[in-house]
Amino acid sequence: MNVDGIREMLQNGKSVEELVHSIFDKIEHSKLNAFVTLAKESALEEARRVDKHGAKGMLGGIPIGIKDSISTKGIQTTCCSKILEGYVPPYDAHVIERLKAEGAIIIGKTNMDEFAMGTSTETSRFGPARNPWDLSRVPGGSSGGSAAAVAGGEVPLALGSDTGGSVRCPASFCGVVGLKPTYGLVSRYGLIAYANSLEQIGPFAGNVKDVALLLDVISGYDSRDSTSMTKKCEYLKELKDDVSDVKIGVPKEFFGEGIDEKVEKAVWGGIKALEDMGASYTEISLPHTKYSLAVYYIIAMSEASSNLARFDGLRYGLRLGKDKDWHTTFSEIKAQGFGEEVKRRILLGTYALSAGYYGKYYLKALKVRTLIKRDFEFALKDTNVLITPTMPFPAFKIGEKIGEPLALYLADVNTVPINLAGVPSVSVPCGFAGKLPIGMQIIGRHFDEATILRTAYVFERNGGG
Amino acid sequence: MKEVIIGLEVHVQLNKLRSKLFCSCSTQYHDSEPDTHTCPVCLGLPGALPVTNGKAVDNAIKVALALNCNIEEWTMFYRKNYYYPDLVKGFQISQYDYPIATNGSISLDMEGGERIIRIKRVHMEEDPGKLVHVGTIDKSRYSLIDYNRSGMALLEVVTEPDLRTPKEARLFLNKLKNILEYLDVFDSSLEGSLRVDANISLAGGARAEIKNISSYKGVEKALLFEIVRQNNLVRRGVKVVQETRHFDEVRGITISLRTKEGEEDYRYFPEPDLVPITIADRVDDIKKTLPELPDAKRQRFVLQYGISDNHAKVLISELGLANFFETVATEVDANLSATWVADILKGELNYRDLDISAFSPNHMVQILQVLKKDTITENGAVQVIRTILDEGGTPSEIVKIKSKDLLKMDVDASENITLRVIEENPGAFQDFCKGKNEAMHFLMGQVMKETHGTVNRSTVIELLNKSKKEKLQNAPDNHREA
């Protein structure tokens, strides 16, 4: 299911209403648990409107799934946490406004790790989402529902958010394309924050073209996000079948210990394939990569500990029967509303920011982050893309790693440095390990989504993946 | 008695701004229903992001300049993490390192001469919502929260521990308020516009921080209470402990909230949703827009109008009053204007709890012109002012209607009445001749009653003294007998 295919269907006489009905039918009979809230009424209403007045806008009549961390006016938005049970935002995120303006049809909210804290979509209060390639396996996370919905053919497009790999990891595990834009390219207004300084909303699709199209719709300056920037180009227009100017850097640190052999082989195969298509490559080094995980988790957890303080059930979300005094009431709501992983990160983050530890952890992490960012800037002077495996291994079994938080954290080893550096990165399918997809990560210069998308596009068109 | 050491943290609302500090909600909520001036940002809804109000930064720079501060090249916001139901996000966006300004001062005009109170720092932060209780906080069964105030721009002005008396603290606050109103960034008449945390210790002892005092007089009262409390502890040999205290305005006492061990760890860290703001490039432009400040105005009034420093001091205490004076002084004699505006009109306004906007400078000019022409008495002029304030009307109308009472009596008529009063009150006159002041007041009162206040006091005193002299010359023995 892709955008061109749907347009063709619609041109051949299928109504948007029929399309949307069939999508809901498919989702309702799906085993993927990709969607947690369906916006049936509003989606059908919008579909009928498009049928009546014709498809307008860049995404006229195109269905889309939205991660449950992105605020949708009138549609429950919970970050798949019990603590936000019943919360219906009174406003749309910037990206939702953009989607609506371009005629997209919002199908519903997709499953995710609670507050985007995870790599497997297992910490969702709605239960784990499943990998369409093997239902016993995780779809990756935290935007697992979005990736599974696209891979499972439920919707052609979906939005996720990527704080440390949360778009690219599930894209890799589910064999779809997922992009983490440059920090600042897409407004975060309306994205429920996990770690503000790291995250971006990113598109999922079955192919690079649709990712570029969706990026065209959601990117650009928004005055409500102080960290947002003006975009430089239209991404779909920049896609062409030419990588002769692409100089690939292959950072050796990203092929280190813990990387599955099949994954390593597939990604090298991808690099060689791109070379055959006219690109060149050199092996390079990003020397501070080894600190990335530590730096990432300190920053992300510290910011999270502050971001999540507002969830107390007072103004919205979970309420437990009879109220006691406020201290007790809100302690109980937090105790019952947050899951284990969320509590773990709040506690660690609170500790890292405490008097006497701030300088030792948070401040130091910020300094090392600068070094990591410089590594990328330096490496991307002589090259214009870097290529690495997205994930060290293919999708694992549901329940396999959930008992070992540290092992799960290690799975983010190749994705978190990109968020620390703020550069863009796309994960594109690159072969299989058995019947499980493998993802190749293409990283670019700040605000140069055009080049990484073009590289991915050429790779995809010429039989990569 | 040990030396008293006081430092203040003053939170003023930049309530002249049109919108809040990080969103575009209106600041004009004071007469509105609760929660009607709110949006996703100031309600802290999930996903909402702050955007700094540039005008708020400009106003903060204005204040920093007026307080003679160092203004940094750039400034940034931090998160101050603490949990309280009126705080929508579980943290307050405030400043920590890199505040907007540091190292300023305010000079106070004390009886013993000028006192310089150093300002340690000035920083911006957002106001939380407001807890509302039915009855009192201890008796109310629940708390209501009004989020209209949430996100209002606050400026925190922190002094060095340079204040030595509660009175100095009050004068400092008045001066600060005065400067802020001159800058047109602050309206002190709005509820909740100013809140003060006062730190106070006796030399060598631990300090108490009295939180959230919401009135100027409250600060002085709370500090006076603390001095007595801490002195009593010292006298009894009890150690003063470092603690945070609450000021109970109704009972006029401070109550312990928590000791140092219970102090919160605010876990400050840079606000990731905002970027650092470069301010150095705006300072010069803002400097050019700075109005004349109270101290400068006071000096100019003395020099330009030749009025007394005391009058100048009263006149500059409110910008409206100072402007009023200048309007009047360009039309009539400056010294006369100063006396009538600073002493008489100000008194009449204070008595009625009115501010200067209740009286037109044109009316004042007309009154003083009539007074100068000697057609009405001083008392008559006061009557005109009172009538305008109480009943309305213009000076000419009032003079016309009440001419009988206001027009000045000629000296002959005054003399006749005075002599008659002396004749009718021989005892009082005798006492007056013996130098009794009360007798003079009595006789004066009688004359005023007879003439409806249309004679000059000085004329009456002259006449009384003349009669006294005559009496003493005619009957020298009387004096000796007494």
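Residue numbering restarts at 1 for every chain, and letters A, B, ... go by the order of the sequence lines.
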What's the shortest heavy-atom distance between A:Y91 and B:A48, and which atoms?
-> OH-N, 3.0 Å
Here the pair of heavy atoms bringing A:S302 nearest to B:F269 is O-CZ, 4.4 Å
In Å and rounded to the nearest 0.5 Å, what is the CG to CG distance from B:L49 to A:N196?
-> 7.5 Å
Select one option (side chain, backbone, both, neither) describing which atoms of B:Y147 are under 4.5 Å from chain A's heavy atoms.
-> side chain
Given A:L363, A:T350, A:D225, the one with more heavy-atom pairs under 4.5 angstrom with chain B than any other is A:T350
Side chain / backbone / both / neither for A:A355 at chain B, heavy atoms under 4.5 Å = both
Give a yes or no on whether B:M76 atom CE has more than 12 heavy-atom contacts from other residues, nucleotides or ligands under 6.0 Å away.
-> yes
Crowding at OH, A:Y358 (>12 non-hydrogen neighbours, <6.0 Å) | yes
Pick one of side chain, backbone, both or neither for A:Y189, based on which atoms fall under 4.5 Å of a heavy atom in chain B.
-> both
Chain B: which of A:D312, A:L308, A:L84 shares the most heavy-atom pairs with it under 4.5 Å?
-> A:D312
Closest heavy-atom contact between A:P90 and B:L45?
-> CG-CD1, 3.4 Å
Of the backbone (N, CA, C, O) and the side chain (C-beta and beyond), which part of B:L43 lies under 4.5 Å from a heavy atom of chain A, both, or neither?
-> backbone
What is the minimum heavy-atom distance between B:P50 and A:S226, and which atoms define it?
-> O-OG, 3.3 Å
Tell me, side chain or backbone of A:N307 under 4.5 Å from chain B's heavy atoms, or both, or neither?
-> both
Among A:P89, A:S197, A:G190, which residue forms the greatest number of heavy-atom pairs with chain B at distances under 4.5 Å?
-> A:G190
Taking all atoms of both residues into account, what is the closest heavy-atom pair of B:F91 and A:S306, and its distance?
-> CD2-OG, 3.3 Å
Hey, which of A:Y316, A:Y357, A:F311 has the most heavy atom pairs under 4.5 Å with chain B?
-> A:Y316
Counting only heavy atoms closer than 4.5 Å, note whether A:T77 contacts chain B via side chain, backbone, both or neither.
-> neither
Would B:Y83 and A:W326 count as a close aromatic pair, with their ring centres under 6.0 Å?
-> yes
Roughly how far, to the nearest 0.5 Å, is OG1 of B:T38 from CZ of A:R315?
-> 11.5 Å
Atom of A:S223, atom of B:V51 and distance for their closest heavy-atom approach = O-CG2, 3.3 Å
So CD of A:E303 and CZ of B:R79: to nearest 0.5 Å the spacing works out to 7.0 Å
Chain A contact via B:D273 - which portion, at a heavy-atom distance below 4.5 Å | both
Contact origin within A:L191 toward chain B - heavy atom pairs under 4.5 Å | backbone
